[in-house]
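Report on the following structure.
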Amino acid sequence: MLDSKLLRGNIDFVVEQLKRRNFTFDVDQYNKLEDQRKVIQVQTQDLQNLRNTKSKAIGQAKASGENMQPLLDEVSELVQKLDDAKSKLQDIQAKIEEIVMAIPNIPHPSVPEGDSEDDNIEILKWGKTATLDFDIKDHVELGEMHGMDFAAAAKISGSRFVVMIGKLAKLQRALTQFMLEHHIEKNGYTETYAPYLVNADSLTGTGQLPKFEADLFKTHLHGEEGEAKALYLIPTAEVPVTNIVRESIIKGSELPLKFVAHTPCFRSEAGSYGKDTRGLIRQHQFEKVELVQISKPDNSYEVLEELTSDAEGILQLLELPYRKVNLCTGDLGFSSAKTYDLEVWLPGQKAYREISSCSCFEGFQARRMQLRWKNPETKETEFLHTLNGSGLAVGRTLVAVMENYQDSDGSIAIPKVLQSYMGGITKIK
RNA sequence: GGAGAGAUGGCCGAGUUGGCUGAAGGCGCUCCCCUGCUAAGGGAGUAUAGGCUUUAACUCCUAUCGAGGGUUCGAAUCCCUCUCUCUCCGCCA
């Protein structure tokens, strides 16, 4: 949600900024509704004021034993008018709300212009993309040799799921433990456990609802169909973890809040049929270690740099080649003001693939979820800034380790930093 | 799943024969005075959002006492639905 003051006070700026990300904002419609809202709101409030005054007079008349019938007649007429005005006002406010909730965030000035991922700007490349002198296998081929079973998963659940048995399952757990330990012990994040099923308010707070319901798995308590009972499987830990502080006022001395959580993530992947159908890249269920920070507004972009480098640290310790890109305006997510993607090198695909996405949302989510702090300088209650990033997507990291650490015989070396988590073995044969 | 109790400002807590109660009192916090630097005393202020556009401030108005709906001229107070918390019983990793 954009700042309503910005929307009302400087709408030309908003329109221009939204155009950068190919979002056309219907200003005429919005202005028309706003004008109507103002008129009707004033009317309604005048009527309410009148009713309140008269009602008090009735109370006083009654107390002093005067005849209050004339007043009663007067007011009952008023009430009809008031009801009409109220319902009109509600309609308009609902329409405005619908429009406002569907407006994406405004890109930060440092976000490059562009229409698609082809226009993202590469900031750095790290590590050497080794040229292996044998027939490179992709992770599906390697996986089939070491207990990765897509057929079994299809039998159990359907496509886009996986079963792993044995060493690869352990390797995934080792990756998760390693990431958590590193972020907790070295980077100062607080370990967090949170629900995997969340309500609609939480998803509205972080921006997945109302616009992106089709991407989610939706459940009903007790098989009931009522909207109030609907719970959703989390598409990312960002949702439950950021919502820990929804509707609260944080003390300045407690900031920044740094949370790390490992959760499974569930995505319906509607609209991605035919994309990445092979292997582990795009699953309905995958593991992710997520970093979330709640920051004061004035230094949130420094925090974004820090959070991104915290995620990069994992790739560097795993010695996986990657590049860092600054997403262009056209590729930016709905809620984000600026996003760095980390893309890991996958020899099996001969391509860099996204493994982490680190974003600063400024006050966009905070306004939706009423997340604030008392600024000691202004003495005002102000919205905080929220940030998050994958640190990292565990399933894709597993793919990257398998493909980058493979040998000609199909065996997979264990990265040094993971060996202690793997019972000391150095290779999966 | 059954029975009961409850939800009021940053916190505690009054207010249920509906009527100057946006809310007594206390704590906490901020500012000022006195004193002196340990404590005490005096005074003022202290919810959020909208009307709001403005150079700015104030005044004013509206809404909000868990959420939503209803009754009424008028609801923190009465009625209904829901959510959450607590106690007891049942069930359960």
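Sequence lines set the chain letters: A, B, ... in the order given, protein chains first and strands last, and positions in each chain run from 1.
- Nucleic acid contact class of A/Asn52 (heavy atoms, under 4.0 Å, all strands): sugar-phosphate only.
- Base pairing annotation: B/rC27 forms a Watson-Crick or G-U wobble pair with B/rG10, both donor-acceptor distances under 3.5 Å.
- Annotation: side-chain contact (heavy atoms from CB on, under 4.5 Å) contacts of A/Glu354 (sequence neighbours excluded): A/Asp341, A/Ser357, A/Arg396.
- Between B/rA63 and B/rG9, the distance separating the two C1' atoms is 16 Å to the nearest Å.
- Classification of B/rU87 as anti follows from a glycosidic angle more than 90° from 0.
- For the P atoms, the distance from B/rG50 to B/rA57 is 15 Å, rounded to whole Å.
- Sorted pairs that involve residues 77-92 of chain A and meet salt bridge (charged side-chain N to carboxylate O under 4.0 Å, His left out), not counting sequence neighbours, are lacking altogether.
- Contact annotation: A/Asn49 does not reach the phosphate of B/rC61 (side-chain N/O to OP1 or OP2, under 4.0 Å).
- Looking at residues two or more places apart in sequence or on another chain, you find a ring-ring contact (aromatic ring centres under 6.0 Å, His included) between A/His108 and A/Tyr301.
- Ring planes of A/Phe161 and A/His284: tilted class, angle from 30 to 60°.
- Aromatic ring centres of A/Phe266 and A/Tyr196: separated by at least 6.0 Å.
- Atom P of B/rA23 sits at a distance of 12 Å from the matching atom of B/rC61, rounded to the whole Å.
- The pairing partner recorded for B/rC91 is none, the criterion being a Watson-Crick or G-U wobble arrangement whose two distances lie under 3.5 angstrom.
- The nucleotide B/rU54 finds no pairing partner, because no Watson-Crick or G-U wobble arrangement with both distances shorter than 3.5 Å includes it.
- Using atom P as the reference point in both B/rC73 and B/rU21, the two lie 23 Å apart (nearest Å).
- Rounded to a whole angstrom, the distance from the P atom of B/rA3 to that of B/rG13 is 28 Å.
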>> Generate the contact string for nucleotides 44-53 of chain B. Rules: B means base contact, S means sugar-phosphate contact only, - means no protein heavy atom under 4.0 Å.
In response: ----S-BSSS

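- In this structure, B/rU72 forms no base pair with any nucleotide, since neither Watson-Crick nor G-U wobble geometry is met with both distances under 3.5 Å.
- On the C1' atoms, B/rC65 is 16 Å away from B/rC78, given to the nearest whole Å.
- Applying the 4.0 Å criterion to OP1 and OP2 of B/rA75, one finds that A/Arg51 has every side-chain N and O outside that range.
- The distance between atom CG of A/Asp83 and atom P of B/rU72, rounded to the nearest whole Å, is 11 Å.
- For A/Tyr421, the ring-ring contact (aromatic ring centres under 6.0 Å, His included) criterion is met by no residue, not counting sequence neighbours.
- Contact between A/Leu280 and A/Gln283 at its shortest, heavy atoms only, is O-CG, 3.5 Å.
- Atom-to-atom, CG of A/Leu72 to P of B/rG74 comes out at 10 Å; the value is rounded to the nearest Å.
- Shown here, B/rC86 forms a base pair with B/rG4; the pair counts as Watson-Crick or G-U wobble because both key distances fall under 3.5 Å.
- Comparing B/rG18 with B/rC58, their P atoms sit 39 Å apart, to the nearest whole Å.
- For the C1' atom pair drawn from B/rC12 and B/rA7, the interatomic distance equals 14 Å after rounding to whole Å.
- Base pairing annotation: B/rG36 forms no Watson-Crick or G-U wobble pair, as no partner gives both donor-acceptor distances under 3.5 Å.
- Annotation: side-chain hydrogen bond (donor to acceptor under 3.5 Å, both in side chains) contacts of A/Lys54 (sequence neighbours excluded): A/Glu74.
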